[in-house]
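Position 1 is the first residue of the sequence, and the numbers go up from there.
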Amino acid sequence: MNIKKHIPNLVTLGNLFCGTLATIYAVNGHFKETALLVVLGIFLDFFDGFFARILKVSGELGKQLDSLADMVTSGVVPGIVLFYLLGNNELGSNEITNEYLIASFLPFIGLLITLAACYRLAKFNIDTRQSESFIGLPTPAMSLFVVSLPLVQMYTEIDVVKDLIGNNYFLIGVTILFSYLMNAELPLFSLKFKNYGLKENLFKYILIAISIAMLVTFEYLAVPMIIMSYILLSMVNNLKNTSK
């Protein structure tokens, strides 16, 4: 038995394990633990491919396992978080009115992001264009954005931001926007480095510098800001490449 070829798959299963635990914590409203487990799962998701390349054991099984694990960590979990946030903003009245009925169904809108993530992961598996970069927002980036929202709401001192996350229109907008971005024909650069030259990796270095500065300054609020910066920098990079 060749143990070496199973090492990347074990790392992938570690991602799935983190995603499963994150699901349990999310259902119970423990969002700090949820976010920590999602971050750990995404970390493992990055390194399963790294180990597969180093050990030269890439295969179809690993590719399928990777997407299945991502579906939990970066698909199911953010859907549950949005479901919870939308439900937490429901009307407090027990009176059965049209307004109350509409509010009662709002949380299920958050699960659209789970469906969109599933569709994106299925497309990713058969899209040969995404070996060096991404077409559409990767599910881990979406997941980090979403799972950070309850932490931002709990720990930020900026009232405007708290009110925004407590607004169902904003949350529905996030659900629709990120469901679209994951499946849009939008080229986004990968954070994998083939070399470390400044010219070839300029936008990657800019993103890393911005991310460090934001994390130091804004803490939890930095996470959604970093994801939006990644999207905007990718769009600038696209314009730069188009103009050549």
Side-chain angles (χ1 to χ4, degrees), residues 5 7-16 18-19 38-39 41-79 82 110-147 174-195 200-204 207 226-244:
K5 72 177 184 179
I7 292 174
N9 293 339
L10 289 173
V11 176
T12 303
L13 291 175
N15 173 20
L16 177 59
C18 289
V38 166
V39 170
I42 291 172
F43 178 81
L44 292 172
D45 179 47
F46 178 84
F47 275 99
D48 61 2
F50 173 79
F51 283 124
R53 289 189 296 273
I54 292 295
L55 299 173
K56 298 179 180 179
V57 291
S58 298
E60 190 61 29
L61 175 61
K63 183 178 179 181
Q64 299 303 324
L65 274 177
D66 188 70
S67 287
L68 290 169
D70 279 349
M71 184 55 218
V72 178
T73 307
S74 299
V76 175
V77 175
L82 281 170
L111 298 179
L112 289 175
I113 212 159
T114 298
L115 305 183
C118 181
Y119 192 79
R120 187 230 154 36
L121 288 166
K123 281 205 313 180
F124 181 82
N125 275 0
I126 59 174
D127 192 341
T128 56
R129 299 173 298 166
Q130 301 193 54
S131 57
E132 302 296 333
S133 60
F134 299 110
I135 305 294
L137 185 69
T139 54
M142 175 278 294
S143 186
L144 287 172
F145 185 100
V146 172
V147 300
V174 166
T175 303
I176 295 171
L177 175 63
F178 279 85
S179 294
Y180 167 75
L181 286 174
M182 282 188 288
N183 293 286
E185 288 290 311
L186 176 65
L188 298 167
F189 62 80
S190 168
L191 290 177
K192 295 174 183 175
F193 287 84
K194 280 186 173 180
N195 58 65
E200 300 89 338
N201 301 293
L202 177 61
F203 286 94
K204 297 177 186 179
L207 180 62
I226 290 168
I227 302 303
M228 295 309 297
S229 297
Y230 168 56
I231 296 169
L232 291 172
L233 283 171
S234 291
M235 293 173 71
V236 173
N237 186 44
N238 294 339
L239 290 172
K240 174 174 169 282
N241 292 335
T242 304
S243 65
K244 286 182 178 180

If you round to the nearest 0.5 Å, how far is [atom2] of [Y] from [atom1] of [X]?
{"X": "Leu233", "Y": "Ile226", "atom1": "CG", "atom2": "CD1", "result": "11.5 Å"}
{"X": "Asp70", "Y": "Asp45", "atom1": "CG", "atom2": "CG", "result": "4.0 Å"}
{"X": "Ile231", "Y": "Met142", "atom1": "CD1", "atom2": "CE", "result": "11.5 Å"}
{"X": "Leu111", "Y": "Thr175", "atom1": "CG", "atom2": "OG1", "result": "9.0 Å"}
{"X": "Leu16", "Y": "Asp66", "atom1": "CG", "atom2": "CG", "result": "11.0 Å"}
{"X": "Phe145", "Y": "Leu177", "atom1": "CZ", "atom2": "CG", "result": "7.5 Å"}

Ignoring hydrogens and geometry, is there a side-chain-to-backbone donor-acceptor pair from Ser143 to Thr73 under 3.5 Å?
-> yes
Check: Asn238 side chain, Ser234 main-chain N or O, donor-acceptor pair, under 3.5 Å | yes
Less than 4.5 Å apart, any side-chain heavy atom of [X] and any of [Y]?
{"X": "Leu137", "Y": "Leu188", "answer": "yes"}
{"X": "Ile227", "Y": "Phe178", "answer": "yes"}
{"X": "Leu68", "Y": "Thr12", "answer": "no"}
{"X": "Leu82", "Y": "Val146", "answer": "yes"}

Kindly give the heavy-atom pair with the smallest separation between [X] and [Y], and that separation in Å.
{"X": "Ile113", "Y": "Ser179", "result": "CA-OG, 3.6 Å"}
{"X": "Ala116", "Y": "Met182", "result": "CB-CE, 3.7 Å"}
{"X": "Leu61", "Y": "Asn9", "result": "CD2-ND2, 3.8 Å"}
{"X": "Leu121", "Y": "Ser67", "result": "CD1-O, 3.7 Å"}
{"X": "Gly75", "Y": "Thr114", "result": "O-OG1, 2.8 Å"}
{"X": "Ala117", "Y": "Ser74", "result": "CB-O, 3.9 Å"}

With Pro140, the side-chain contact (heavy atoms from CB on, under 4.5 Å) member among Ile42, Asn15, Val38 | Ile42
Apply side chain to side chain contact (heavy atoms under 4.5 Å, CB included) to Met71 and Thr139, showing your working.
-> CA-CA 8 Å; Met71 184 55 218; Thr139 54; over 6 Å; no
Mind checking whether Phe189 and Tyr230 have parallel, tilted or perpendicular rings, split at 30° and 60°?
-> perpendicular
